[in-house]
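Data block below; observations after.
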Amino acid sequence: MKTMLASLSALVAVVWGWDVLNTSFPVHAHSLWIARQEALYLSGLLSIALMSLAMLLATRPTWLESSLGGMDRVYRTHKWAGILAISFAALHWLIELGGDILKSSIGREGRLPKEKFTGLLEIMRDLSKDMGEWAIYAVLAMLVITLWKKFPYRTWRLLHRAMPIIYLMLAFHAALLAPRNYWLQPAGALLAILLAAGTYGAVRSLLGRIGTTRKASGEIVAVEHPAHDITTVHCRLDSGWQGHRPGQFAFVTFDDREGAHPFTIASADHGDRTISFQIKALGDYTNHLSVNLKPGQAVRVEGPYGCFELRRCDPTARQIWVAGGIGVTPFLSWLESLQADPASAPIAELHYCTRDQATDAFVPRLQALCASLPRVHLRVHGARQGAVLEVASLGASKGSEIWFCGPAGLAEVLRNGLRSMGTMTRFHQEAFEMR
């Protein structure tokens, strides 16, 4: 994620710098007015570049999954590209307002001459200025409600649908107000590519074409309640479902008004287009699934996505698998897929962290699955029983590989513990946050 965002930002800075070095400014131009203009251009370029990337990533490009490490990483990159884009847009707006400060401090003398346009182009440029300002207000409001986690998801989702329109307004603003000489330099070529990519993403989103080739319909065949806060949903899908690999997730729609939510597929692929989800009550939506879902109810599933896959485990590394709470779901899929050929299972130690081992509904299931897999050693850590997972007990070393799925806080504790012990090991974690 950081590499992609930094690389794009650096590329924008380079083409902007190329233009600055090849621009001859009037001799009477004041250095502060020149600095303001170039800062305005740079902040605008960075904003539209990152927003174009965010729009492209919103289309769920599966061809980027392997390089970014999974669709969860694609969405994280999408989120931070959007946040950075809006930040640069705010800076762009403030720099624009800063012109009044310069007028009052150094006067109008030394201002750079404005480019002259006439006719329809002048009218369109004036319109693009207004549209850009309205769009900046809109994206700033969207940023606030996105970061405000208590804001209702359903309302946020409805408002988020306006982002493609807001992007097209900003793209119109960028294309019309970009300096004329940009179009004869690398800056113009880069801007054209970015606007084309972003517009593709925005139009695809507006037409409802995202994920269409990976969507399947079906029905719920059974609903179980292994615990008061866990709902198990078994679904049978139509021929649109092409199967999944152990550890992947899907976007599931039980209610059109609520939209799709990502859930890890907790079952192996048996070739009969049946899949299961283990859903924990963690919010307003999931809290009501236990009473809202019934057998026979229609369901739509888009996927599969993700790279938290059993096949990606390094057979030469010591495997340490760590699950926390509902983060056990991908490991359930892993273990179930190994039942047909236990000898193919890697030598692994599975640590499952739970509040209460005695009442946890997943413990018996894990024990049954691991009983037929002698190469996988299960260790359950029940907090109520005083068996809290200690980093040292993992026995991680340079030749180890850790696969983690669970609360972000637990992941941070493990990472910090490994760092303090000087243990350099590969740590795979699914960044399961789509908002």
Side-chain angles (χ1 to χ4, degrees), residues 1 57 59-78 210-218 232-254 260-280 286 299-314 319 321-341 344-346 348 350 362 365-366 369 376 401-406 411 426-434:
M1 175 188 77
L57 295 181
T59 63
R60 298 173 192 158
T62 54
W63 52 272
L64 270 177
E65 274 202 287
S66 58
S67 57
L68 287 181
M71 191 56 66
D72 55 312
R73 293 296 195 282
V74 171
Y75 260 77
R76 174 173 279 191
T77 307
H78 160 80
I210 294 177
T212 51
T213 60
R214 287 175 166 252
K215 288 182 179 178
S217 299
T232 304
V233 186
H234 303 280
C235 306
R236 181 181 295 110
L237 305 177
D238 60 23
S239 58
W241 183 252
Q242 301 301 311
H244 69 280
R245 295 186 294 272
Q248 291 189 298
F249 71 90
F251 292 94
V252 186
T253 302
F254 295 119
H261 286 254
F263 297 115
T264 298
I265 303 171
S267 57
D269 188 345
H270 299 293
D272 56 359
R273 298 198 297 274
T274 61
I275 58 175
S276 300
F277 302 97
Q278 301 280 0
I279 304 172
K280 186 177 179 64
T286 50
V299 62
R300 289 199 311 277
V301 178
E302 178 196 331
Y305 296 109
C307 293
F308 197 89
E309 300 176 39
L310 177 62
R311 68 172 187 169
R312 295 182 65 227
C313 291
D314 184 353
Q319 291 296 312
W321 303 343
V322 182
I326 198 62
V328 73
T329 48
F331 297 106
L332 289 174
S333 181
W334 285 18
L335 297 173
E336 187 176 314
S337 69
L338 292 169
Q339 298 301 306
D341 185 13
S344 67
L350 172 58
F362 292 124
R365 177 64 175 156
L366 286 170
L369 289 170
V376 180
E401 186 176 57
I402 297 177
W403 290 81
F404 174 88
C405 189
R426 283 163 290 179
F427 195 103
H428 303 272
Q429 178 186 3
E430 200 160 48
F432 221 1
E433 184 176 357
M434 301 300 175

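Excluded from the calculations below are hydrogen atoms, water molecules and symmetry mates; all remaining heavy atoms, backbone and side chain alike, are included. Numbering starts at 1 and runs along the sequence shown.
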Distance col, row Gln429:CD vs Phe404:CZ, nearest 0.5 angstrom, shows 5.5 Å

How long is the span from the NE2 atom in His78 to the CZ atom in Arg60, to the nearest 0.5 Å?
9.5 Å

Measure across Gly303 and Ala250 and return the closest heavy-atom pair with its distance rounded to 0.1 Å.
CA-CB, 4.5 Å

Let's go through Val301 and Phe251 carefully: what are the C-alpha distance in whole Å and the side-chain angles of both, what is the deciding distance for side chain to side chain contact (heavy atoms under 4.5 Å, CB included) to 0.1 Å, and is it a yes or a no?
CA-CA 6 Å; Val301 178; Phe251 292 94; over 6 Å; no

Kindly indicate, with the supporting measurements, whether the criterion side chain to side chain contact (heavy atoms under 4.5 Å, CB included) is fulfilled by Ile275 and Trp241.
CA-CA 10 Å; Ile275 58 175; Trp241 183 252; 3.9 Å; yes

For residues Thr274 and Arg236, determine if any side-chain heavy atom of one lies less than 4.5 Å from a side-chain heavy atom of the other.
yes

Going by heavy atoms in the side chains, are Val322 and Phe427 under 4.5 Å from each other?
no

Leu310 vs Leu338 side-chain heavy atoms within contact, under 4.5 Å
yes

Contact summary for Ile279 and Phe254, nearest pair of heavy atoms:
CD1-CE1, 4.0 Å

Ignoring hydrogens, what is the shortest heavy-atom contact between Ile265 and His244? Give both atom names and the distance.
CG2-NE2, 3.4 Å

Trp334 and Phe308, any side-chain heavy atoms less than 4.5 Å apart
yes

Sidechain-backbone polar pair: Ser333 side chain, Ser267 backbone, donor-acceptor under 3.5 Å
yes

Between Glu401 and Arg312, is there a salt bridge with N-O shorter than 4.0 Å?
no

Verdict with supporting geometry, Ile326 and Phe263, side chain to side chain contact (heavy atoms under 4.5 Å, CB included):
CA-CA 10 Å; Ile326 198 62; Phe263 297 115; over 6 Å; no

Distance check, rounded to the nearest 0.5 Å: Arg426 atom CZ versus Cys313 atom SG?
10.0 Å

What's the spacing between Arg76 CZ and Leu57 CG if we round to 0.5 Å?
14.0 Å

Locate the shortest heavy-atom distance separating Thr264 from Gly247; write the atom from each residue and the value.
CG2-O, 4.4 Å

Answer whether the closest heavy-atom distance between the side chains of Arg273 and Cys235 falls below 4.5 Å.
no

Is there a donor-acceptor pair under 3.5 Å between the side chain of Glu302 and the backbone N or O of Arg214?
no

Say whether, by atom type as modelled, one donor and one acceptor occur between the side chain of Gln278 and the main chain of Thr329 under 3.5 angstrom.
no

Before giving the answer on side chain to side chain contact (heavy atoms under 4.5 Å, CB included), spell out for Met71 and Gln248 the whole-Å C-alpha distance, their side-chain angles and the decisive distance to 0.1 Å.
CA-CA 10 Å; Met71 191 56 66; Gln248 291 189 298; over 6 Å; no

Using atom types as modelled and distance alone, determine if a side-chain donor or acceptor of Gln319 lies under 3.5 Å from a backbone N or O of Asp314.
yes

Leu369 backbone acceptor or donor facing Gln339 side chain under 3.5 Å:
yes

Please name the pair of heavy atoms, one in Tyr305 and one in Gly211, separated by the smallest distance, quoted to 0.1 Å.
OH-CA, 4.0 Å

Write down the atom of Leu335, the atom of Leu350, and the distance for their closest heavy-atom approach.
CD1-CD2, 3.9 Å

